[in-house]
Amino acid sequence: MSTSPAFSAGTYQRARRPEQKLERRDAILGAARELALRDGVRAVSLADIAARVGIHKSALLRYFETREQIFLELTAQAWREWTAALHAGLDDAAPGSPASASAALVADVFARGFSDRPLLCDLIAHTPLNLERNVSPEAVRAYKLTSLAAVDEAAAIVRRVLPELTLAEAAEFVAALASLAGAVWQIANPAPALAGLYASDPALSRACVDLAPRLRRTAEILLAGLLPSRTLSL
């Protein structure tokens, strides 16, 4: 039976000490991440994760309530990694640059931030559909605090680069683009059989899109429309 690298380092059969329990928990998350990146979140079962780690499914349930909680925790981790990437791409941007240039930079960094993280995009689509629906309220609360904090942090980054936006407008932009990233990633990554069909039939060429260019263009449109929409609503 194959095991994930994080777990194979352990020599114990049952985790008893706190450090062993933490190591096994990390191994479970690592196995779920590897399988989801390879097969897609939808295709990964609890039994698949347990087999990857090398433990029985019942033993895995000592660490996580459900399969959905595992992926919800991975989503929280992915949000934190994403905000770190936004800081890396935008913290050195000079406030006061021409708005069009600043907006183009924000659009590019956000598009790459999502397209470079396929697991986050896949998870975003599944989170409201099922990941939040088979876990305890406490697990949902912990996840929501992380994801909402990520949106707030990203909005603050956007507003620093584009100070003409309000913080609420920046948050609106972040939330809209994140939702779009989850949906468009699914379209941009069809199953192999469908990808072959789209490639073979010119009439279906538009059925599959490139994620980063689509997100970048949409981000530019959203940013360009936020200020005019403010005046229209007055």
Side-chain angles (χ1 to χ4, degrees), residues 2 4 29-49 51-52 66-68 70-72 74-79 81-83 85-86 89 100-101 103-134 143 147 150-151 154 158 172-226 228-229:
S2 62
S4 68
L29 291 169
R33 181 185 294 107
E34 292 169 6
L35 290 169
L37 283 169
R38 188 189 72 185
D39 302 328
V41 172
R42 181 185 293 103
V44 181
S45 69
L46 199 65
D48 294 331
I49 299 169
R52 182 76 169 177
T66 59
R67 163 194 178 275
E68 287 76 16
I70 295 171
F71 283 118
L72 207 58
L74 286 178
T75 313
Q77 291 181 2
W79 279 121
E81 294 166 0
W82 175 76
T83 54
L86 297 184
S100 58
L105 175 62
V106 169
D108 181 65
V109 170
F110 269 74
R112 287 187 289 107
F114 284 117
S115 63
D116 290 348
R117 288 163 181 80
L119 181 57
L120 173 61
C121 293
D122 195 8
L123 287 165
I124 287 172
H126 289 282
T127 297
L129 291 175
N130 53 66
L131 298 186
E132 295 179 347
R133 295 173 183 266
N134 193 26
Y143 166 72
S147 61
V151 171
V158 171
E172 183 180 4
F173 162 75
V174 174
L177 201 66
S179 297
L180 185 68
V184 174
W185 188 90
Q186 305 295 331
I187 299 169
N189 293 273
L194 291 179
L197 172 65
Y198 300 155
S200 67
D201 189 342
L204 300 176
S205 61
R206 292 177 295 168
C208 189
V209 302
D210 291 331
L211 180 63
R214 177 64 61 88
L215 289 181
R216 187 179 298 109
R217 174 62 176 157
T218 304
E220 291 172 347
I221 293 170
L222 287 171
L223 291 170
L226 279 169
S229 71

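We're numbering straight along the sequence, starting at 1.
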What pairs with Leu46 under side-chain contact (heavy atoms from CB on, under 4.5 Å), at least two apart in sequence or on another chain? Lys57, Leu60, Leu61, Arg67, Ile70
For Asp108, what residues pass the salt bridge (charged side-chain N to carboxylate O under 4.0 Å, His left out) criterion, not counting sequence neighbours? Arg112, Arg216
CG on Leu72 to OG on Ser147, rounded to 0.5 Å: 8.5 Å
Please assess Tyr143 against Thr127 for the test side-chain contact (heavy atoms from CB on, under 4.5 Å), listing each intermediate value before the final yes or no. CA-CA 10 Å; Tyr143 166 72; Thr127 297; 3.7 Å; yes
If you count the non-hydrogen atoms of other residues, nucleotides and ligands that lie under 6.0 Å from CG in Asp39, is the total more than 12? yes
Any donor-acceptor pair under 3.5 Å linking the side chain of Thr218 with the backbone of Leu215? no
Only counting residues at least two apart or in another chain, list the ones meeting ring pair (Phe, Tyr, Trp, His ring centres under 6.0 Å) with Phe71. none
What pairs of donor and acceptor atoms, side-chain ones from residues 178-196 against any protein atom, are under 3.5 angstrom apart with sequence neighbours left out?
residue, atom, partner, partner atom, Å
Ser179, OG, Ala175, O, 3.1
Gln186, NE2, Asp122, OD1, 2.9
Asn189, ND2, Trp185, O, 2.9

Starting at CZ of Phe114, measure out to CD1 of Ile124 and round the result to the nearest 0.5 Å. 5.0 Å
Check each of Leu119, Val41, Leu123 against Thr75 using the side-chain contact (heavy atoms from CB on, under 4.5 Å) test, and report the only one that passes. Leu123
I need the minimum non-hydrogen distance between Pro128 and Ala125, along with the two atoms involved. CD-O, 3.8 Å
If you take all heavy atoms of Leu223 and Ala107, which pair is closest and at what distance? CD1-N, 4.4 Å
What's the verdict on side-chain contact (heavy atoms from CB on, under 4.5 Å) for Leu120 and Glu81, showing C-alpha distance, side-chain angles and the deciding distance? CA-CA 9 Å; Leu120 173 61; Glu81 294 166 0; over 6 Å; no
Could you pull out all residues at least two apart from Asn134 that satisfy side-chain contact (heavy atoms from CB on, under 4.5 Å)? Thr66, Glu68
Restricting to side-chain contact (heavy atoms from CB on, under 4.5 Å), what partner residues turn up for Ala154, sequence neighbours left out? Trp82, Leu86, Phe110, Val174
Considering only NZ, NE, NH1 and NH2 on the basic side and carboxylate oxygens on the acidic side, decide whether Arg52 and Glu34 come within less than 4.0 Å. yes
